[in-house]
Participant: 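Quick one: this structure, given as structure tokens, is what I'll be asking you about.
In what follows, every heavy atom counts, from backbone to side chain, and hydrogens, waters and symmetry copies are set aside.
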Amino acid sequence: MDDLTNGKRKAKEELYVDLILEAYKAKKITGHSSLHGNKAGRFIHVGPLDVPVTQTRLIEIFEECQQKLYTQVDVLGFEFEMGLTPQFIQELKEKGVAITLKYIPKDVFDKRAVDKGQAKFFDVAYLNTNSTIKGNTLTIELTDFVTHYSQDDVEEIQESMRKGSKVIIEDGQILKLEKTELGILTKTVLTENWHDWVDYWAIDFDYLSKPEIIKIKNDDGIVEEIWTGNYLFENEWQSFRTKKNPTLEYNSITHEYKKPGIYKVMVKVVDILGIDTSKIIEVRIP
């Protein structure tokens with residue numbers, strides 16, 4: 001029975017990996033312990049469906065790449081462990097293996113979206129914050145936002161721009177090119193520093209207080225409430241750009257907690273490509 005169950009599980013995992021590789025337009029490879037595919041000279045690892053990609057997993061990928069003399073690998077995942085910092089990725093690169101982390105889009109489960117090329121795998125970005133605790137209050141400062149987007153990523157937003165304009169990446173910056181009716185080409189730098197990447201950011205000061213509950217009708221016709229294992233992000237404070245006021249606030253309001261304890265705070269950034277990046281911060285209120 002166990003062998004049968006394990007066989008079914010393995011078959012499902014292979015179908016899942018095949019699905020992700022197809023959406024990523026990569027070729028499947030065999031004979032590897034942690035690598036699943038190849039695309040344009042880069043090797044591919046498909047992360048698990050239900051748990052984040054961890055630092056331990058990256059080390060396993062790194063060690064296999066070192067053993068086989070591979071130098072470039074894309075790691076695809078729905079979630080990534082919070083400890084996967086740019087510094088850790090840079091350390092692996094300096095040791096000989098350049099690892100790129102990319103989010104698997106939910107569109108991979110929509111065959112029509114995959115066939116139309118709408119399933120875009122965006123590079124993982126990173127945000128940094130400072131927390132200031134005074135008594136039972138907390139203030140969050142957004143201190144950095146790091147991106148490693150490629151030209152392929154930017155092509156996604158070109159469709160939303162008016163005719164005659166184009167967005168490109170050049171020297172690590174996003175540029176907007178526009179051609180006037182007279183044929184004059186103008187170039188505008190959209191990302192001179194990290195602030196320019198941020199379109200919007202928001203905070204949930206007590207993220208674990210809102211479990212995600214769904215209602216499911218069981219075989220007896222009774223509706224049951226089931227916790228999905230996830231939590232709902234509640235936008236308790238935000239700063240966003242408008243045409244009249246394009247400047248963001250980088251310090252939040254001061255939030256007051258009614259009870260002492262350890263709280264999980266989620267900070268969410270939406271960048272100018274419309275991509276979400278989140279970070280969970282643990283704070284102790286005395």
Participant: Can you hop from Val51 to Phe78 via hydrophobic side chains spaced under 4.5 Å?
Facilitator: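 The answer is no; the residues belong to distinct hydrophobic clusters.
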Participant: Check this for me: Lys68, atom NZ, are more than 12 non-hydrogen atoms of other residues, nucleotides or ligands nearer than 6.0 Å?
Facilitator: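 Counting neighbours around NZ of Lys68, more than 12 heavy atoms of other residues, nucleotides or ligands fall under 6.0 Å, so yes.
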Participant: Give a yes-or-no answer on whether the side chains of Thr100 and Arg42 include a donor-acceptor pair shorter than 3.5 Å.
Facilitator: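 Result is yes, a qualifying pair exists.
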Participant: Would you please classify the geometry between the Phe205 ring and the His255 ring as parallel, tilted or perpendicular, with 30° and 60° separating the classes?
Facilitator: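 Judged by the thresholds at 30° and 60°, the geometry between His255 and Phe205 is parallel.
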Participant: Flag yes if more than 12 heavy atoms outside Phe240 fall under 6.0 Å of its CZ atom; otherwise flag no.
Facilitator: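 Atom CZ in Phe240 is not packed in, count stays at 12 or less.
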Participant: Using side-chain heavy atoms (C-beta onward) and a distance below 4.5 Å, is Tyr231 in contact with Ile280?
Facilitator: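 Not touching, per the 4.5 Å side-chain cut-off.
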Participant: Assess the side chains of Ser34 and Glu60: does a donor N or O sit below 3.5 Å from an acceptor N or O?
Facilitator: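 Side-chain D/A pair, Ser34 to Glu60: absent.
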Participant: How about His36 and Tyr24: are their ring centres within less than 6.0 Å of each other?
Facilitator: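 No, too far apart.
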Participant: Between Asp74 and Lys39, does any NZ, NE, NH1 or NH2 come within less than 4.0 Å of an OD or OE carboxylate oxygen?
Facilitator: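 Asp74 and Lys39: not salt-bridged.
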Participant: What about the rings of Phe122 and Tyr103, do their centers lie closer together than 6.0 Å?
Facilitator: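 For Phe122 and Tyr103, the ring centres are not under 6.0 Å apart.
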Participant: Closest approach of Pro48 and Val53, non-hydrogen atoms and distance?
Facilitator: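 Result for this residue pair: CD-CG2, 4.3 Å.
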Participant: Measuring only between side-chain heavy atoms, which start at C-beta, is Val108 closer than 4.5 Å to Phe121?
Facilitator: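 Result yes, sub-4.5 Å side-chain heavy-atom pair found.
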Participant: Assess the side chains of Glu256 and Thr137: does a donor N or O sit below 3.5 Å from an acceptor N or O?
Facilitator: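 Not at all, the side chains of Glu256 and Thr137 share no donor-acceptor pair under 3.5 Å.
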Participant: Show your working on side-chain contact (heavy atoms from CB on, under 4.5 Å) between Thr129 and Ile281 and close with a plain yes or no.
Facilitator: CA-CA 9 Å; Thr129 59; Ile281 306 161; 3.1 Å; yes
Participant: Between Arg241 and Leu248, does a side-chain contact (heavy atoms from CB on, under 4.5 Å) hold up when you go through it step by step?
Facilitator: CA-CA 6 Å; Arg241 301 181 190 275; Leu248 288 172; 3.7 Å; yes
Participant: Would you kindly confirm whether Val270 and Ile140 end up in one hydrophobic cluster when ILVMFWY residues are joined by side chain heavy atoms under 4.5 Å apart?
Facilitator: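 Not linked; separate clusters.
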Participant: For the backbone of Asp107 and the side chain of Asp110, can you confirm whether one donor and one acceptor N or O come within less than 3.5 Å of each other?
Facilitator: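 Not a single qualifying donor-acceptor pair exists.
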Participant: Given side chains that start at C-beta, do those of Ile20 and Leu76 come closer than 4.5 Å, heavy atoms only?
Facilitator: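 Yes; the side chains approach each other to less than 4.5 Å.
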Participant: Find out whether Thr143 and Asn128 are in side-chain contact, i.e. whether some heavy atom of one side chain is under 4.5 Å from a heavy atom of the other.
Facilitator: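 In short, these two side chains touch, coming nearer than 4.5 Å.
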Participant: Heavy atoms only: give me the nearest Phe62-Leu92 pair and the separation to one decimal.
Facilitator: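 Taking every non-hydrogen atom into account, CE1-O, 3.8 Å.
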Participant: Could you check whether Phe43 and His45 have their ring centres less than 6.0 Å apart?
Facilitator: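 Aromatic pair excluded; centres sit 6.0 Å or further apart.
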Participant: Quick check for you: to the nearest 0.5 Å, what is the distance between Asp123 atom CG and Lys102 atom NZ?
Facilitator: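 Taking CG in Asp123 and NZ in Lys102, the distance rounds to 3.5 Å.
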Participant: Are the side chains of Ile61 and Val73 in contact, using a 4.5 Å heavy-atom criterion?
Facilitator: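 Result yes, sub-4.5 Å side-chain heavy-atom pair found.
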Participant: I need the Glu91 CD to Glu94 CD distance, nearest 0.5 Å.
Facilitator: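 Between atom CD of Glu91 and atom CD of Glu94 there are 7.5 Å.
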Participant: Should Val146 and Trp197 count as side-chain neighbours, where that means a heavy-atom distance under 4.5 Å?
Facilitator: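 Val146 does not reach Trp197 side chain to side chain.
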Participant: Counting neighbours of NZ on Lys28 that are heavy atoms of other residues, nucleotides or ligands and sit closer than 6.0 Å, is the number greater than 12?
Facilitator: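 Enclosed.
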Participant: Could you tell me whether Lys268 atom NZ has more than 12 heavy atoms of other residues or ligands within 6.0 Å of it?
Facilitator: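 More than 12 heavy atoms, drawn from other residues, nucleotides or ligands, come within 6.0 Å of this atom.
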Participant: Test of understanding: clusters of I, L, V, M, F, W, Y form through side-chain heavy atoms closer than 4.5 Å, transitively. Do Leu49 and Ile104 belong to the same one?
Facilitator: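 Yes, it is one cluster - the side chains of Leu49 and Ile104 are joined through contacts under 4.5 Å.
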Participant: Quick one: does any side-chain atom of Asn218 pair with a main-chain N or O of Gly221 as donor and acceptor, under 3.5 Å?
Facilitator: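 Checking the backbone N and O of Gly221 against the side chain of Asn218, a donor-acceptor pair under 3.5 Å is found.
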Participant: Show the nearest heavy-atom pair for residues Arg284 and Ile133, with the distance to one decimal.
Facilitator: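 Looking at all heavy atoms of both residues, the closest pair is O-CD1, 3.6 Å.
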Participant: Could you report the tightest heavy-atom contact between Ser131 and Leu138, atom names first, then the distance?
Facilitator: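 Ser131 and Leu138 have their closest heavy atoms at CB-CD1, 3.9 Å.
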Participant: Assess whether a salt bridge exists between Asp204 and Lys264, defined as any Lys/Arg side-chain N lying under 4.0 Å from an Asp/Glu carboxylate O.
Facilitator: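 No.
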Participant: Is NZ or CZ of Lys210 both nearer than 6.0 Å to the six-membered ring centre of Phe233 and within 45° of the ring axis?
Facilitator: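 Judged by the rule (NZ or CZ under 6.0 Å from the ring centre, within 45° of its axis), Lys210 is not positioned above Phe233.
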Participant: Working to the nearest 0.5 Å, report the span between CG of Asn251 and OG of Ser239.
Facilitator: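 Those atoms lie 10.0 Å apart.
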Participant: Given Val283 and Ile262, is the side-chain contact (heavy atoms from CB on, under 4.5 Å) satisfied, shown in steps?
Facilitator: CA-CA 6 Å; Val283 296; Ile262 298 174; over 6 Å; no
Participant: Compare every heavy atom of Thr139 with every heavy atom of Ser252, then report the nearest pair and how far apart it is.
Facilitator: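 Taking every non-hydrogen atom into account, O-CG2, 3.5 Å.
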Participant: Aromatic contact between Tyr250 and His195, with the criterion being ring centroids under 6.0 Å apart: yes or no?
Facilitator: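 Aromatic pair counts; centres sit under 6.0 Å.
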Participant: Tell me, yes or no, whether the heavy-atom count around Glu141 atom CD, taken from other residues, nucleotides or ligands under 6.0 Å, exceeds 12.
Facilitator: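 Correct, the count exceeds 12.
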Participant: So Arg57 and Ile59, side-chain contact (heavy atoms from CB on, under 4.5 Å) or not? Walk me through it.
Facilitator: CA-CA 5 Å; Arg57 185 178 291 262; Ile59 292 173; over 6 Å; no
Participant: Would you name the heavy atoms of Phe80 and Val124 that are closest together and state the gap between them?
Facilitator: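 Taking every non-hydrogen atom into account, CE1-CG2, 3.5 Å.
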Participant: Rounded to the nearest 0.5 Å, how far apart are CD1 of Ile203 and CH2 of Trp201?
Facilitator: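 Going from the CD1 atom of Ile203 to the CH2 atom of Trp201 covers 4.0 Å.
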Participant: For the residue pair His32 / Tyr70, report whether a side-chain donor-acceptor contact shorter than 3.5 Å exists.
Facilitator: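 There is such a pair between these side chains.
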Participant: Would you say Leu69 ends up clustered with Val97 if hydrophobic residues are merged whenever their side chains have heavy atoms under 4.5 Å apart, either directly or through other cluster members?
Facilitator: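 As far as the 4.5 Å side-chain criterion goes, Leu69 and Val97 are not connected within one cluster.
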Participant: Report yes if some heavy atom in the side chain of Tyr207 is under 4.5 Å from a heavy atom in the side chain of Leu232; otherwise report no.
Facilitator: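 Result no, sub-4.5 Å side-chain heavy-atom pair not found.
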Participant: Calculate, to the nearest 0.5 Å, the distance between atoms CD1 and NZ belonging to Ile285 and Lys258 respectively.
Facilitator: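 Those atoms lie 14.5 Å apart.
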Participant: Is there a donor-acceptor contact under 3.5 Å linking the side chains of Asn235 and Tyr200?
Facilitator: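 A pair is found: one side chain offers a donor N or O, the other an acceptor, under 3.5 Å apart.
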Participant: Working to the nearest 0.5 Å, report the span between CG of Leu21 and CD1 of Ile44.
Facilitator: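 CD1 of Ile44 is found 7.5 Å from CG of Leu21.
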Participant: With side chains defined as the heavy atoms from C-beta onward, is the minimum distance between Leu101 and Leu58 less than 4.5 Å?
Facilitator: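 They are in contact (side-chain heavy atoms under 4.5 Å apart), so the answer is yes.
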